[in-house]
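Report on the structure given below.
Start at 1 and go down the list; that is how both ligands and their atoms are numbered.
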Amino acid sequence: MKEQELDPLRKEILGAVENAESREALEEVRISALGRKGRLTALMKTLGTLEAEARRAAGAALNRLKADVEAAIAAAAERLHHKDMEARLAGERVDVTLPVEVGGEGRVHPISQTIDELSAIFGEMGFKVAEGPHIEDDFYNFTALNIPAEHPARQEQDTFYLMGAAGTRPEARKVLRTHTSPVQIRTMQAQKPPIRIIVPGRTFRSDHDATHSPMFHQVEGLVIDKHIHMGHLKGCLIEFCRAFFDIDDLPVRFRPSYFPFTEPSAEVDIGCSREGGGLKIGAGADWLEILGSGMVHPKVLANCGVDPAEYQGFAFGMGIERIAMLKYGIPDLRIFYESDLRWLRHYGFAALDQPSLITGAR
Ligand code: PHE
């Protein structure tokens, strides 16, 4: 068998490979040439009947043809794969300009919605979102925040301590963070000022009634820079309260308070009215406390390697459930975590109902 004698077969098979319009058709061509009963396979089988010399020449020619056919099939498979992909892409093309269907089955939980809203408001003011671990060291949750050893917050009845191995010293036990303030410490250790962060996240305290849950959420805020003073704290928090509750003239009051990690410290109240039994946020005769704040204590700065003579700052912390309940008129805290679909359909938010300052973050 001479090389030329194989030419018509070569042409025929390669032509068939070339013309295959689908992966199935290509597979048929492959089987008819190279399969167990394929034409090339059949020719290979005849080699045994040839003289040694003729067998060597014919074997080499057949092997070349086989290699060429295999290469052509691989190239055709690649081409058909691309063709399939393009057809699929064309078929599945999405028109992103079409109106979106909102109000399907799913709902955004009020906690997630509130975190989105406050992130949008503080985001506009130049804050970044930071996070930290739920399981904390005593150092981050208490010591670095200037909370003394005998402070009631450290006591067993308020704080969840992890057991630790037998013989672990009490101050070496891990705690479920009781507030988001440890992220102040972690952030100041990890980056140089200027710092402007908010920290929404879970917190844990050993409390359970209609207004307390053992797991709840806080948002921390921290601003550190040169020349930061109480006026910045006030301006920032007044602006936040008015944007969040969407009331331009919402009265905001700063009341002297005490936290070990801020000096001076202030609690922030917003105006409300309880006339006629119902609670209404806005101008009125009453006040509602909504958050704690203060100028970061110089000892806390020093604990994080920030020079208090060069940098000052303010911090604040508030309960997310509390402001969500106030804004959306949700009466009971416990049901937030019961995964009751009826509750979620009532108090939840439509997906893609993105909060922004223009749509009113409402
Ligand atoms: N960590 C305080 C709390 O949980 C809140 C707070 C944060 C107060 C930052 C002042 C500054 O009550």
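- Close to ligand 1: Q184, with a non-hydrogen atom less than 4.0 angstrom away.
- Distances between N or O atoms of E220 and those of ligand 1 include no value under 3.5 Å.
- Taking distance alone, with nitrogen or oxygen atoms compared against 3.5 Å, T262 stays at or beyond that limit from ligand 1.
- Ligand 1 is never approached by F314 to a heavy-atom distance shorter than 4.0 Å.
- The protein heavy atom nearest to atom 2 (C) of ligand 1 is F261 CZ, 3.7 Å.
- Pairs passing the salt bridge (charged side-chain N to carboxylate O under 4.0 Å, His left out) check and including a residue from residues 198-216, sequence neighbours excluded, do not occur.
- Contacts between R177 and ligand 1, counted as non-hydrogen atom pairs separated by less than 4.0 Å, are absent for every part of the residue.
- Using bins of under 30°, 30° to 60° and over 60° for the plane-to-plane angle, the ring pair F122/F240 lands in the parallel bin.
- Comment: K83 does not engage E86 in a salt bridge, judged by the lack of any side-chain N to carboxylate O separation of less than 4.0 angstrom.
- At a heavy-atom distance under 4.0 Å, no atom of S265 approaches ligand 1.
- The two residues V306 and P193 come nearest to each other via the heavy atoms CG1-CG, 4.3 Å.
- Using cut-offs of 30° and 60° for the angle between ring planes, the H179 and F142 rings count as tilted.
- When only interatomic distances are considered, the shortest N/O to N/O separation between H179 and ligand 1 falls below 3.5 Å.
- With a heavy-atom cut-off of 4.0 Å, F316 touches ligand 1 through its backbone alone.
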